[in-house]
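In what follows, a single structure is set out as structure tokens and then discussed.
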Amino acid sequence: MSADQTPAPAAPSRRTLGVMLLLTVLSALLVLTAAGRTWAEGRAGTLDVSVSGGKISELPGGLALVGLAAAVAVFAVRGAGRLAVGALTLLAGLGAAAASAAGAGDTAALDAEAARKLALSGSAATEVSHTGWPWVALVGGLLLALAGLLTLRYGRGWPAMGSRYEAPTRKTPARTETPGDLWKALDRGEDPTA
């Protein structure tokens, strides 16, 4: 090969599809696990109060589920549809990360829980502390965004479902003359009575 010839770029690897799927599942697992754990703790009078990430914000968990759905949808679409799925996954990951970061220091849900436990509106929690779970959810959101970037970059070259999974198209039945021809038309999936 001469110096002015460059090799053709290699076709996108199926490995990137596997990496995207692994990142999507791992990120959703991280976000959903973190959302179910305690993000903030405090005291309401003599009572201990705590709230999970899901009570602070349902957004990270919901967006993680959107990412999981997108990982399935990537097999059902091609071309521009796959780019849209990649963009949706990227935005879901960034949204989950942003909502997790915003919830890391949030005390409104903890104050509401303190007011509920004390049965006094306007009560606020004291001795408030935050756990590391919001940051785990943030990492999960960033991994989901990375999965979206992989889909945008390499998704066009990934395999899709075969045509056997697509909706059947109506075929014009062949001219049938004998009962045997009717059976053959039925075997081909045609409706000989139409």
Side-chain angles (χ1 to χ4, degrees), residues 9-43 48-114 124-125 127-161 165:
S13 169
R14 288 180 185 236
R15 258 185 279 177
T16 57
L17 174 61
V19 169
M20 183 278 299
L21 290 173
L22 180 67
L23 282 174
T24 303
V25 170
L26 178 64
S27 64
L29 183 64
L30 285 173
V31 173
L32 292 172
T33 300
R37 300 291 192 251
T38 300
W39 283 21
E41 300 170 314
R43 298 198 44 86
D48 290 331
V49 291
S50 64
V51 288
S52 67
K55 285 200 175 192
I56 291 176
S57 175
E58 295 177 356
L59 198 56
L63 291 174
L65 293 176
V66 168
L68 280 178
V72 174
V74 82
F75 291 104
V77 295
R78 295 182 183 128
R82 196 164 282 171
L83 291 177
V85 168
L88 178 67
T89 306
L90 173 64
L91 292 174
L94 293 175
S100 298
D106 191 302
T107 59
L110 192 62
D111 290 341
E113 181 67 12
E127 301 175 31
V128 174
S129 65
H130 297 278
T131 67
W133 286 109
W135 305 112
V136 172
L138 181 136
V139 169
L142 293 177
L143 289 176
L144 185 59
L146 181 59
L149 285 174
L150 282 174
T151 304
L152 287 171
R153 173 67 177 97
Y154 298 106
R156 287 187 180 256
W158 292 340
M161 288 191 304
Y165 297 108

Could you pull out all donor-acceptor pairs under 3.5 Å where a side-chain atom in residues 35-42 meets a protein atom, sequence neighbours excluded?
unit_1 : atom_1 : unit_2 : atom_2 : d
Trp39  : NE1    : Ala34  : O      : 2.7

Might you point out which heavy atoms bring Val49 and Ala114 nearest each other, and give the distance in Å?
-> CG1-CA, 4.0 Å
Throw together a table of side-chain donor-acceptor distances under 3.5 angstrom for residues 18-28, partners on residues two or more places apart or in other chains.
unit_1 : atom_1 : unit_2 : atom_2 : d
Thr24  : OG1    : Met20  : O      : 2.8
Ser27  : OG     : Leu23  : O      : 2.9
Ser27  : OG     : Thr24  : O      : 2.9

Pair up each side-chain donor or acceptor in residues 133-150 with any protein partner under 3.5 Å, not counting sequence neighbours, and list the distances.
none

Is there any side chain to side chain donor-acceptor pair (under 3.5 Å) pair reaching into residues 95-114, and which pairs are they, with sequence neighbours excluded?
-> Glu113-Arg116
Between NZ of Lys55 and CD of Glu58, what distance do you get to the nearest 0.5 Å?
-> 10.5 Å
With sequence neighbours left out, write down each residue that passes side chain to side chain contact (heavy atoms under 4.5 Å, CB included) with Leu29, or none if nothing qualifies.
-> Thr33
Could you pull out all residues at least two apart from Arg43 that satisfy side-chain hydrogen bond (donor to acceptor under 3.5 Å, both in side chains)?
-> Asp48
Which atom of Val66 lies closest to which atom of Ala92, heavy atoms considered = CG1-CB, 4.1 Å
Taking every heavy atom of Leu83 against every heavy atom of Leu152, the minimum-distance pair comes out as O-CD2, 3.2 Å
Gap between atom CG of Leu63 and atom CG of Leu91 - 0.5 Å precision = 9.5 Å
